[in-house]
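As structure tokens, the structure follows; a few thoughts come after it.
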Amino acid sequence: VQLQASGGGLVQAGGSLRLSCVDSGRFFSSYHIGWFRQAPGQDREFLAAIAWRAGKTFYADSVKGRFTISRDSANEVVNLQMNGLKPEDTAVYYCATRRLLRPAPMSSFASEYNDWGQGTQVTVSS
């Protein structure tokens, strides 16, 4: 598994970005794929997750209604659409996979995700 996040950049407050996460192999049906972010000096923060097979989604309250996670099964991509961006959204954004042996509830804990991409920088100017 080798994840790669892309789509970050500089945007003005109120703007939008769409981040993408691809796996060098494939997203297996048992995977959950999550998006996290980390700002300087802060802990890694959960944003959203999606179950690859069922498409079930799970969001942090802090981004619910502004961010949307989705999967493109044909192209093996997980996207994070971010609208209404705020300066406090500035961070490095990571995608991660959680490999499951059996169905499990969605998780917001970074420690439960097995593989991580290198991150993409999102900067929101005021």
Open item on the list: If you compare all heavy atoms of Trp35 against all heavy atoms of Ile69, which two are closest, and at what distance to 0.1 Å?
Closed with: CD1-CD1, 3.6 Å
Open item on the list: Quick check for you: to the nearest 0.5 Å, what is the distance between Leu85 atom CG and Phe67 atom CZ?
Closed with: 5.5 Å
Task: Met106 and Tyr59: CA distance, side-chain angles, deciding distance, side-chain contact (heavy atoms from CB on, under 4.5 Å) verdict - done: CA-CA 10 Å; Met106 309 292 280; Tyr59 293 93; over 6 Å; no
Open item on the list: Does Arg37 form a side-chain contact (heavy atoms from CB on, under 4.5 Å) with Thr90? I'd like the steps, not just the answer.
Closed with: CA-CA 9 Å; Arg37 68 186 178 192; Thr90 295; over 6 Å; no
TODO: Starting at CH2 of Trp116, measure out to OG1 of Thr97 and round the result to the nearest 0.5 Å.
DONE: 9.5 Å
- [ ] Determine the minimum heavy-atom distance between Glu112 and Ser107, stating which atoms define it.
- [x] OE1-OG, 2.9 Å
Open item on the list: Can you give me the closest heavy-atom contact between Val77 and Ser20, atom names plus distance?
Closed with: CG1-CB, 4.0 Å
- [ ] Sort and list the pairs that fulfil side chain to side chain donor-acceptor pair (under 3.5 Å) and have at least one residue in residues 7-19, not counting sequence neighbours.
- [x] Ser16-Asn83
Task: Minimal non-hydrogen separation, Leu80 against Ala48, with atom names - done: CD1-CB, 4.2 Å
Open item on the list: Return the CZ to CG distance between Arg98 and Asp115, rounded to the nearest 0.5 Å.
Closed with: 13.0 Å
TODO: Tell me, yes or no, whether the heavy-atom count around Arg53 atom CZ, taken from other residues, nucleotides or ligands under 6.0 Å, exceeds 12.
DONE: no
TODO: Find out if a path of hydrophobic residues (ILVMFWY) with successive side-chain heavy-atom gaps under 4.5 Å connects Leu3 to Phe46.
DONE: no
Task: Where Gln38 and Gln42 come nearest, the two heavy atoms and their spacing - done: NE2-O, 3.1 Å
TODO: Provide the full list of ring pair (Phe, Tyr, Trp, His ring centres under 6.0 Å) pairs with a residue in residues 76-115, sequence neighbours left out, each pair given once.
DONE: Phe36-Tyr113
- [ ] State yes or no: do Val22 and Val78 share one hydrophobic cluster built from I, L, V, M, F, W and Y residues joined by side-chain heavy-atom distances below 4.5 Å, directly or via other members?
- [x] no
- [ ] Any chance you could measure Leu19, atom CG, to Gln81, atom CD, to the nearest 0.5 Å?
- [x] 8.5 Å
Open item on the list: So, taking the atom named NE2 in His32 and the one named CG in Leu100, what distance separates them when rounded to the nearest 0.5 Å?
Closed with: 5.0 Å
TODO: Indicate yes or no for a side-chain donor-acceptor contact from Gln118 to the backbone of Ala5 under 3.5 Å, with no hydrogens or angles considered.
DONE: yes
Open item on the list: Which residues pass the side chain to side chain donor-acceptor pair (under 3.5 Å) test with Lys56, not counting sequence neighbours?
Closed with: none
- [ ] Look at Lys64 together with Asp61 and state whether they make a salt bridge at an N to O cut-off of under 4.0 Å.
- [x] yes
Open item on the list: Minimum heavy-atom separation for Pro87 and Ser126, please, with both atom names.
Closed with: CG-CB, 3.8 Å
Open item on the list: If the test is side chain to side chain contact (heavy atoms under 4.5 Å, CB included), which one of Ser70, Cys95, Cys21 qualifies with Asn79?
Closed with: Ser70
Open item on the list: Evaluate Leu47 against Met82 for side-chain contact (heavy atoms from CB on, under 4.5 Å), listing each step before the verdict.
Closed with: CA-CA 11 Å; Leu47 302 174; Met82 306 187 296; 5.6 Å; no
